[in-house]
Amino acid sequence: DGESIAVFTKNQTNPYFQAVRVGTENAAKTMNAKVIHYIPTKPDSIPEQLSQIEDVIVKKPNAIVFIPVDYKAMVPGVEQINEAKIPVVNVTDRSAGGKFLAFVGADDYNLGLETGRYLLKKLGGKGNVVIIEGVKGSLTSIDRVRGFNDAIKEFKDVKLLASQPANYQRLQALQVMENLMQSHPQIDGVMAANDGMAIGAIEALDGANRKAQVIGINGTKEAVDAIKAGKMLASGDYNGFVQGCIGTMVAIRALRGQPIVTEVVLKPTVVDSTNYQPYDVAVESRSCPAWDQAAAMATKTN
Amino acid sequence: MRAAVKSPPAPEVVEEKPDLGTPLLELKGISKQFPGVKALDDVSFAIWPGEVHMLLGENGAGKSSLMKCLCGAYQADTGAYFHMGEKVEIRTPTDAKKLGIAVIFQEFSLVPYLDVAQNIFLGREFKSKIPGLLDRRRLYAEAQKVLDRIGLEVDPRTKVHTLGVAQQQMVEIAKALSQDASILVMDEPTAALSDRETERLFAVMRQLQAKGTAIVYISHRMAEVFALGDRITVLRDGKNVGHAVPGETSPDQLVRMMVGRTVDMSYPRNFRAPGDVVLELKDISATTGIADINLVVRAGEIVGLCGLVGSGRTEVARAVFGADAITSGEVRVFGRIKQGGPDVAATEGIALIPESRKTEGLALIRTVSDNLAVAGLPKLFPNHLFSPGRARRSAEALIKRLRIATPSPNQSVGLLSGGNQQKVVIGKWLAAGARLFIFDEPTRGIDVGAKSEIFALIDQLVAEGAAVLMISSEQAEIVHVCDRAYVMRGRRIVGELSRSELSEENIVRMGMHDE
Amino acid sequence: MSMSSQTAGATPRLHLSKDVVQVIYRLLAAGLLCVVLAVVTDSFLSTNNILNVLRQASLLFFLASGLTLVILSGGLDLSVGANIGLSACLAATVIKATGSPVLGTLAGLGSGTLVGVCNGLMVAKLRIPSFIATYGMLWVLHGLTYYYMGGETIHGFPPGFRQIGSGYFLGIPIPVYLMLGFLAAGTFFAQRTVWGQQIYAIGANPVAARLCGIPVDRRLILVYAFSGAMAGVASLVFLARLNSAEGDIGEALTLPAVAAVLIGGASLFGGVGTVFGTFVGALILTLVLNGMNLLAVNASWQPLVTGVIVVLAVWLDMIGRRRT
Amino acid sequence: MSDHALSAAQPRPRLPAIPGVAIVLVALALVFAAISPNFLSTGNLSNILVQSVILLLLAMPMTLIIMTEGLDLSMGAVLTLASLVLALTVVSTQSLVLGLAGAVGVGLAFGFVNGWLVSSLRIPPFVATLGTLGVAQGLALIVSDGQSVVGIPRFLRQVYSGETAGIPNPILIGAAFYALFHVLLYHTKFGVYIRALGGNRDALTLAGVKWQRMLVAVYMLGGAMAGVAALLLTARINAGHPTAAIGMEFDAIAAVALGGTSFERGNGWIFGTLLGVLTVGVLRNGLNLMAVPSSAQVAATGALVIVALFLDGLRSRKP
Ligand SMILES: Nc1ncnc2c1ncn2[C@@H]1O[C@H](COP(=O)(O)OP(=O)(O)OP(=O)(O)O)[C@@H](O)[C@H]1O
Ligand SMILES: Nc1ncnc2c1ncn2[C@@H]1O[C@H](COP(=O)(O)OP(=O)(O)OP(=O)(O)O)[C@@H](O)[C@H]1O
Ligand SMILES: [Mg+2]
Ligand SMILES: [Mg+2]
């Protein structure tokens with residue numbers, strides 16, 4: 001009891017990671033452990049997360065729950081953790097190397113694919129769409145966009161007009177959308193790689209008095225509100241909260257010698273106007289699934 | 001374009017060239033055009049070894065420009081250079097250096113965060129035996145030698161930015177002397193110096209002269225012209241208007257050549273009975289080191305403040321104006337205790353003409369008109385709305401009144417000649433309607449004609465009831481102009497001289513009386 | 001920059017004021033850009049797109065206009081972007097809590113101004129170089145915002161409030177009116193008031209300005225407060241436009257805002273520049289991004305092209321000024 | 001700038017001449033040592049030093065650039081690009097030398113362009129390097145196509161994680177370059193001219209020094225050091241990444257300013273920069289050890305910079 005778990009997340013600004021953090025806290029509280037958060041002061045800074053790993057190793061927490069800011073560049077950091085013999089659970093972005101107790105995440109590709117399909121079906125399998133990408137080179141963006149593209153390929157009458165990055169930034173998405181609307185008089189669907197950008201696109205459409213169906217990814221409160229209000233079509237559920245819960249549970253259970261699972265890849269759920277209710281609560285008031293439920297989601301056990 | 005007054009033709013002067021053999025350096029037909037100003041117009045000029053050649057002219061006549069062409073800092077538009085009879089090119093400072101030309105510039109060319117020695121040998125560093133590195137020991141030894149020669153008692157390791165104006169001027173001189181040049185150009189080297197340093201400099205110049213160095217010397221101080229000069233060249237409006245020899249010419253004649261009219265150099269004053277006390281200092285001490293300063297200035301008086309360089313005169317002026325903090329004592333202005341910074345001082349009608357025009361007096365990148373308006377903004381535009389036209393008209397009036405040579409009120413002040421810049425510094429306070437003027441070296445670098453005009457102006461100010469506190473290193477000025485004077489030594493006031501006691505000897509005796 | 005070269009560069013021969021000449025050159029540059037874009041794309045010249053560009057430029061201009069005065073006074077304000085973040089979050093909270101856009105607006109303007117005053121006090125009274133003082137402030141503001149927001153966003157504001165960001169009047173977006181208003185006010189303040197002139201004087205030589213009796217400290221505080229207030233304005237327009245507040249809302253805007261001021265002809269050494277120049281600078285930057293989006297330039301190339309154009313614009317401007 | 005050439009004498013300092021950054025560094029170290037038992041362990045101290053080296057390698061040339069009244073905003077982006085070039089070269093040729101040559105080459109090229117824009121075209125350094133920042137960032141995205149470059153051979157990682165004579169390699173590299181910069185600034189002509197470039201450029205012209213070349217050299221030095229830092233960065237993250245060092249130039253500028261180098265008149269010192277870099281390192285490390293929340297760390301970083309400069313200001317009040 002009273003184990004200390006160090007939790008590494010990518011930044012302090014994206015609501016998604018806040019959901020993960022709340023999940024870890026929730027799980028730790030019910031299991032009588034405590035978490036300490038390490039977040040780069042500069043969003044997504046690789047050198048800074050490496051430094052934080054080194055500093056944390058000096059402090060020797062009992063276990064680590066780890067989201068790499070970059071799945072490849074952070075491998076040396078993971079190896080240092082391994083050398084220091086601190087058990088570590090990988091969450092959200094699957095690290096390209098290093099030894100982990102388990103991986104807990106969602107499948108970005110399938111998320112993109114399913115949400116994309118949902119949109120295209122709603123459009124009746126035809127029309128013009130644009131994709132708004134996240135940060136170039138980030139695993140989440142690459143996989144989600146790949147999913148979007150594959151969904152589009154399934155529908156012959158759908159035309160992809162443009163695929164532009166807006167770096168997961170709301171304002172950039174808004175301006176990119178404004179500019180795209182100038183060169184494309186007819187846009188029927190917008191696929192954004194996260195909810196913030198989706199909302200930015202919606203604002204741009206509203207501003208120009210144009211209509212299009214917009215989807216995003218993450219299932220944030222804001223997106224749920226927009227879905228409720230009928231402004232947004234759907235959001236792929238990425239469920240950071242549950243990822244945080246399960247990641248922490250695995251870490252603590254391993255410390256206590258209880259059985260664990262080694263991989264949980266959450267199934268994609270598309271949140272739309274028919275099923276948003278469970279998501280319409282602030283993360284702080286949600287609670288973690290019980291271990292049985294969590295174990296049932298496992299895709300690998302040892 | 002230039003604002004020179006219409007003037008009668010200059011008196012005829014002997015134009016024959018003395019037969020002294022081949023000149024060391026000869027400039028022929030030099031012209032230099034700046035936007036709006038023809039700074040030099042077909043000027044020819046020659047120097048012979050071992051002579052001190054005085055270059056005279058009004059502010060903006062083109063003296064500095066001519067010297068800058070001579071040393072490669074400017075490139076002349078037309079003209080040719082001959083070194084010992086041979087045609088040479090001087091296009092860069094390096095070319096000039098190769099010919100053995102060294103220059104003491106009117107505006108300092110020192111680097112603030114290098115030390116004295118590094119400044120003296122800038123561009124001529126001593127190489128160490130280890131390739132790529134510098135020989136620091138040699139640097140300081142050599143620098144010490146040069147400093148000893150001119151009698152500057154400063155550690156060569158002192159960073160230049162910590163030095164006062166006079167010491168910086170001495171470093172500038174040391175820098176030029178260290179080059180062992182065959183031609184030495186000095187552009188108003190004594191403008192910032194007091195008599196003691198000046199004497200020292202003259203001694204060094206005489207040594208150099210004896211060794212055969214040719215010296216070109218620019219100064220607005222008539223006494224120096226006659227004490228040092230072997231020959232005189234006068235420029236006016238960018239043209240060479242004649243040569244003269246000191247023994248055969250009188251100061252009045254020279255002045256007439258320079259300004260094209262007669263100038264009364266005795267600075268006549270109308271002494272009147274002083275009025276109410278305007279400024280009163282009681283036991284002032286300040287963070288800058290001055291202590292127990294007591295003095296009084298009344299309306300209608302010009303009170304001098306004299307002493308050696310470093311005696312603390314500037315610090316007194318700054319303390320009055322609120323530019324430096326006072327640690328004890330009180331300043332009373334018009335009977336009320338004054339507290340606060342320069343902004344308070346300005347609203348109470350005090351004006352400070354600071355000693356360093358470039359760093360403290362002017363915004364060099366702004367126009368003449370802007371600079372002339374800046375101190376008087378609240379007075380000129382009481383409703384806070386600025387009108388460029390109004391500012392311009394006010395500036396034009398001042399340009400006329402002070403005879404500032406500028407192609408237009410829109411010229412950047414940084415492009416004016418040194419003396420004209422100084423006039424702008426004075427002018428901006430005239431627009432502010434101040435009633436207590438503190439002049440710190442007001443005539444530094446100002447030509448004789450302008451000087452007498454400025455003193456006439458100051459006289460007029462006091463006649464209208466203003467009070468003036470004047471600092472000057474030229475004792476003659478203090479003696480001629482002031483009603484009374486205080487003498488400072490070691491950052492304290494050591495005495496007061498009444499009008500009848502005011503003489504150069506008395507000032508020197510009181511101010512120099514060493515411990 | 002050597003004195004002679006720099007000053008020589010800035011002197012017009014005619015009575016045509018320096019500022020006017022600068023502005024003409026810069027407008028020409030912007031015009032050239034427009035012509036190029038109009039020729040190579042078919043959608044550039046639509047009314048919609050023009051309004052679009054103007055509205056995007058307005059966001060940049062709000063920040064940059066405040067920054068212009070700071071730069072004129074010889075300083076720099078790196079905290080404007082972070083200031084937007086904090087002010088937007090506070091304004092959003094107040095609107096949510098009270099339902100009153102007016103109170104929210106006051107909160108946004110107030111917090112922006114307060115941050116500016118703090119900057120001003122640090123620069124004027126504590127004599128911390130502005131670059132550092134405002135850089136430190138940037139971190140402090142980020143810290144406060146992150147702490148306050150805890151990674152969440154606040155969204156959904158009353159339609160009345162949203163008008164200032166996304167509304168139209170006579171077919172022209174409201175932010176464009178705001179921009180023109182601030183352009184006129186800023187130009188008037190800088191060129192036609194005593195305080196404006198004093199700010200120029202301070203920028204050109206702070207020591208001399210002080211010895212001229214200008215209350216330098218008070219003017220500097222004013223300048224930074226104004227810059228903070230403009231960040232407050234920008235935060236409100238952002239909020240209204242984006243309909244949501246998050247911590248890093250203005251982060252990416254600081255450098256473009258500085259760039260806009262510099263492209264507009266101001267000098268980081270102070271004393272040179274105009275608000276109108278900044279307006280054109282903001283326009284040029286926005287046109288470049290708009291053009292690249294219209295041309296569907298690969299996103300990887302966008303920073304590169306922007307970089308080259310920024311340098312080119314400033315260089316052409318300098319040549320232009322040297323010629324006069 | 002040179003217009004404000006020389007100020008009148010400054011009043012004598014009233015506080016002892018201890019730079020603000022030193023006071024802050026010592027104070028921080030004392031506080032952390034008192035609160036966190038791990039802070040003073042050899043492992044942790046070496047940790048701080050190792051972490052500080054990359055920043056030091058950037059901050060030292062930045063000091064010189066700032067002393068010339070310049071600025072290099074492109075440094076972080078150039079470092080990123082150089083790191084990618086190094087990674088790509090090493091992965092394809094397996095040669096460390098070629099990789100380093102490539103990285104330093106990229107740095108030199110950008111340094112040259114920066115220097116040329118600033119000295120020949122007289123574009124203000126802020127604008128010129130803001131432009132090249134965009135170019136370097138764009139090139140980084142283009143050469144990497146937004147992806148990390150992986151498969152870095154073991155020997156490259158050894159550069160960062162290995163030890164020589166019991167001392168971690170990065171510390172040795174940092175020390176060697178510190179010595180180099182010290183000599184450069186205080187014992188060579190170049191050092192003298194750097195001060196003059198910031199203090200009074202006209203003085204150099206009149207002394208017949210071709211300062212344009214010097215200025216280009218200063219920026220090239222900055223680029224080259226970004227190349228060297230790229231070696232350590234790539235070895236550290238075991239990859240090339242298109243955003244690895246974005247924004248690091250501001251950390252470097254902050255460290256330089258923290259160290260007491262001023263943006264005007266060529267007033268600066270390299271030891272102050274070392275102190276500045278260490279102060280940032282100690283602060284981050286200590287706050288991490290104390291598990292201070294990230295948002296407070298962010299605010300503390302800002303407050304620290306302000307406090308140090310404020311202490312400096314107390315010492316030498318401008319007249
Ligand atoms: N770089 C420049 N650009 C434009 N005009 C200049 C420049 N340098 C000098 N001038 C102008 O050339 C004229 C001659 O100036 P110069 O400095 O040679 O005068 P001077 O004889 O040395 O005067 P002073 O006694 O006041 O020092 C002046 O009108 C001045 O404004
Ligand atoms: N004893 C000294 N040793 C070294 N430097 C000194 C000494 N006394 C004065 N100085 C320097 O000389 C500078 C000029 O002195 P100060 O301004 O007090 O005198 P001043 O009478 O106004 O002289 P100036 O003729 O320069 O106006 C001082 O600021 C100081 O830096
Ligand atoms: Mg002159
Ligand atoms: Mg003095």
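Quantities reported herein were computed from a predicted structural model and do not represent experimental measurements. Lettering of chains follows the sequences in order, A, B, ..., and the numbering in each one begins at 1.
Contact annotation for D:Tyr193: only side-chain heavy atoms (C-beta onward) come within less than 4.5 Å of a heavy atom of chain B. With a threshold of 4.5 angstrom between heavy atoms, D:Val192 approaches chain B through its backbone and through its side chain.
In this structure, B:Tyr74 and B:Phe34 have perpendicular ring planes: the angle between them is above 60°, well past the 30° mark.
More than 12 heavy atoms of other residues, nucleotides or ligands shown are found within 6.0 angstrom of CH2 on D:Trp269.
Counting only distance, with no hydrogens or angles, the side chain of B:Asn119 and the backbone of B:Asp115 share a donor-acceptor pair below 3.5 Å. At least one donor-acceptor pair closer than 3.5 Å links the side chain of D:Thr68 to the backbone N or O of D:Ile65.
Chosen from B:Leu362, B:Leu114, B:Asp135, the residue pairing most often with chain D at heavy-atom distances under 4.5 Å is B:Leu114.
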